[in-house]
Amino acid sequence: MASFYEFVFALSQILSNFATISNKNKELMIGKIKNLLAELETLKAKNHDELETLRVKYLSKKGEIASLMNDFRGAAVAEKKDLGMRLNELKEKAQEKINNLKESFDAGAESVEDMDLTRTAYPHTLGTRHPISLVKEEICSIFARLGFSIADGPEIEDDWHVFSSLNFAEDHPARDMQDTFFTMHGADTLLRTHTSSVQVRVMEHTKPPIRIICPGRVYRNEAISYRAHCFFHQVEALYVDKDVSFADLRQTLLFFAKELFGEDTKIRLRPSYFPFTEPSAEMDISCKLCGGKGCPFCKHTGWVEILGCGMVHPNVLENCGIDSTVYSGFALGMGIERIANLKYEVKDLRLFSENDIRFLRKFESAT
């Protein structure tokens with residue numbers, strides 16, 4: 001009898017220990033299930049690859065839920081009902097979360113946090129640089145290599161900076177209403193007709209040496225046609241220092257022409273007249289279309305005019321407070337549209353300001 005009671009006691013101890021272990025395993029499984037449910041609530045994926053990684057982690061044969069299913073098989077019969085319900089809920093939540101994320105990718109949806117609210121509602125093709133901007137930056141780059149810096153000034157100017165300081169006589173035709181846009185403030189306020197006004201402002205406030213270029217938009221009261229417009233763009237250059245000569249001007253022009261149009265480009269200077277330079281000249285380059293042999297574009301002369309230039313008139317230097325007996329200088333100016341016409345063979349000047357997408361797309365390879 002003693003041995004029977006000892007057997008029963010030992011068996012009760014074993015069952016008690018087993019129940020304790022079973023309870024601990026159940027608590028451990030419930031804790032894992034709760035942790036996984038919390039993870040699913042904050043689950044996010046930025047793309048399909050990340051979503052597939054999450055699916056494998058939770059729902060594959062070797063995933064987190066499958067591992068809990070293996071532990072479930074060893075649970076006590078009395079505990080399987082509760083654990084089974086919890087595991088089914090976990091699996092359904094995981095599958096639902098993965099499916100929702102997949103549907104959002106398939107529909108191209110974005111979360112509010114990731115959405116760019118400033119983006120347009122439909123895609124736009126990439127644009128291209130405007131030909132005027134391309135030519136202007138190329139010209140500025142060439143002069144920058146010669147030590148010229150960029151200067152800027154107002155487009156609404158006064159008579160002094162546009163005309164009087166530049167040695168224009170009171171009866172000069174350029175002062176006529178046919179050429180100049182005057183504002184309602186009177187005859188002393190106007191839209192600048194050239195960027196020479198910027199040169200005047202720099203000379204008034206800067207001691208030589210001065211070496212600047214002045215790119216910008218200018219305005220003239222002209223009828224709009226394929227060869228003229230009421231506004232266009234200029235680049236002017238100014239160099240003032242001691243002992244500046246016409247030879248310095250010519251060498252600068254030759255370097256500029258070869259850099260812009262090619263090493264085989266030739267230049268020609270013809271005498272001309274400008275109120276603010278003396279002597280004055282207009283510069284031609286050898287025609288790039290015919291190589292100087294003559295064609296309709298160059299009117300069969302082999303030459304094409306591109307800019308005006310000359311030595312700064314002593315009166316202009318004195319008007320700006322610079323001693324003309326000590327300093328001398330040269331100035332030059334060109335229309336950017338004119339240069340763009342030569343480089344890209346654009347026959348109608350109006351195309352530069354009409355923003356025709358078909359025209360602008362031709363310059364995609366030039367950007």
Side-chain angles (χ1 to χ4, degrees), residues 134-151 166-167 194-196 198-200 202-203 206-216 233-292 298 301-317 320 322-343:
L134 293 172
V135 173
K136 183 187 75 172
E137 292 185 6
E138 187 175 1
I139 293 172
C140 291
S141 174
I142 294 172
F143 279 99
R145 297 199 293 272
L146 291 172
F148 287 77
S149 59
I150 296 177
L166 292 169
N167 207 36
H194 46 201
T195 56
S196 301
V198 181
Q199 298 178 11
V200 174
V202 172
M203 286 190 289
T206 307
K207 293 182 179 180
I210 299 171
R211 189 179 296 181
I212 59 169
I213 53 173
C214 312
H233 300 79
Q234 279 188 338
V235 174
E236 298 193 24
L238 172 70
Y239 178 37
V240 178
D241 201 353
K242 295 179 180 179
D243 301 322
V244 177
S245 66
F246 200 93
D248 298 319
L249 169 61
R250 186 186 183 283
Q251 196 61 29
T252 300
L253 294 173
L254 182 61
F255 175 83
F256 166 74
K258 288 181 178 291
E259 288 292 304
L260 188 63
F261 296 104
E263 187 62 32
D264 60 341
T265 303
K266 298 177 182 179
I267 68 170
R268 181 179 71 174
L269 296 174
R270 295 178 289 104
S272 185
Y273 167 76
F274 303 109
F276 37 83
T277 54
E278 179 61 35
S280 302
E282 291 181 348
M283 188 184 89
D284 304 331
I285 63 167
S286 52
C287 180
K288 305 304 296 180
L289 298 183
C290 64
C298 63
T301 64
W303 298 94
V304 179
E305 177 192 340
I306 67 166
L307 59 82
C309 60
M311 302 301 294
V312 180
H313 199 290
N315 290 348
V316 175
L317 294 175
C320 296
I322 297 175
D323 189 347
S324 61
T325 63
V326 178
Y327 296 101
S328 58
F330 65 72
L332 60 97
M334 70 198 82
I336 299 178
E337 281 84 350
R338 177 64 170 168
I339 304 299
N341 279 340
L342 296 175
K343 285 182 67 67

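FYI, the numbering just counts along the sequence from 1.
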Evaluate the side-chain proximity of Asn167 to Glu278: yes if any heavy-atom separation is below 4.5 Å, no if none is.
no
For the residue pair Ser149 and Arg211, establish whether any side-chain heavy-atom pair is separated by less than 4.5 Å.
no
Can you confirm whether Val312 sits close enough to Val244 that some side-chain heavy atom of one is under 4.5 Å from a side-chain heavy atom of the other?
no
Say you draw a straight line from SG of Cys320 to OH of Tyr327; how long is it, rounded to the nearest 0.5 Å?
14.0 Å
Output the distance between atom CD (Glu259) and atom CG (Leu146), rounded to the nearest 0.5 Å.
8.5 Å
So for atom CG, which belongs to Asp323, do other residues, nucleotides or ligands contribute more than 12 heavy atoms lying within a distance under 6.0 Å?
yes
Could you tell me if the ring centre of Phe143 sits under 6.0 Å from that of Phe256?
yes
What are the two closest heavy atoms between Asp248 and Asp243, and how far apart are they?
OD2-O, 3.8 Å
Close side-chain approach of Thr252 and Tyr239, heavy atoms under 4.5 Å:
no
Determine the interplanar angle of the Phe330 and Phe148 rings, folded into 0 to 90°, and report it as parallel if under 30°, tilted if 30 to 60°, perpendicular if over 60°.
tilted
Report the C-alpha distance between Leu253 and Leu269 in whole Å, list the side-chain angles of each, state the deciding distance to 0.1 Å, and finish with yes or no for side-chain contact (heavy atoms from CB on, under 4.5 Å).
CA-CA 10 Å; Leu253 294 173; Leu269 296 174; 3.8 Å; yes
Taking side chain as C-beta onward, heavy atoms only, is Arg270 less than 4.5 Å from Asp284?
yes
Begin from the C-alpha positions of Leu260 and Ile306 and carry the test side-chain contact (heavy atoms from CB on, under 4.5 Å) through to its verdict.
CA-CA 12 Å; Leu260 188 63; Ile306 67 166; 5.9 Å; no
For the residue pair Ala281 and Phe246, what are the closest heavy atoms and their distance?
CB-CZ, 4.4 Å
Measure the CH2-SG distance between Trp303 and Cys287 for me, rounded to the nearest 0.5 Å.
10.5 Å
Under the side-chain contact (heavy atoms from CB on, under 4.5 Å) rule, what do Val316 and Gln199 come out as? Steps first, then yes or no, please.
CA-CA 10 Å; Val316 175; Gln199 298 178 11; over 6 Å; no
Could you report the tightest heavy-atom contact between Lys207 and Ile210, atom names first, then the distance?
O-CG1, 4.0 Å
Are any non-hydrogen side-chain atoms of Phe261 and Ile339 less than 4.5 angstrom apart?
yes
Taking Glu305 first and then Arg338, would you say they form a salt bridge - that is, a charged N and a carboxylate O separated by under 4.0 Å?
no
About how many Å separate CD1 of Ile212 and CE of Met203, when rounded to the nearest 0.5 Å?
7.5 Å
Is the backbone of Ser272 close enough, under 3.5 Å, to the side chain of Glu282 for a donor and an acceptor to pair up by distance?
no
Answer yes or no: does atom NZ of Lys266 have more than 12 heavy-atom neighbours from other residues, nucleotides or ligands under 6.0 Å?
no
Nearest 0.5 Å, please: how far is NZ in Lys343 from CD1 in Ile336?
13.0 Å
Check against side-chain contact (heavy atoms from CB on, under 4.5 Å), Arg145 and Ser141
CA-CA 6 Å; Arg145 297 199 293 272; Ser141 174; 3.2 Å; yes
Flag side-chain contact, heavy atom, 4.5 Å: Thr277 against His313
no
Between the main-chain N or O of Pro215 and the side-chain N or O of Thr195, is there a donor-acceptor pair closer than 3.5 Å?
no
Heavy-atom nearest pair, Val198 first then Cys214, reads CG1-SG, 3.7 Å
Just wondering, do Leu238 and Val202 contact through their side chains at under 4.5 Å, heavy atoms?
no
Hey, could you give me the CG/OG distance between Asp241 and Ser328, rounded to the nearest 0.5 Å?
8.0 Å
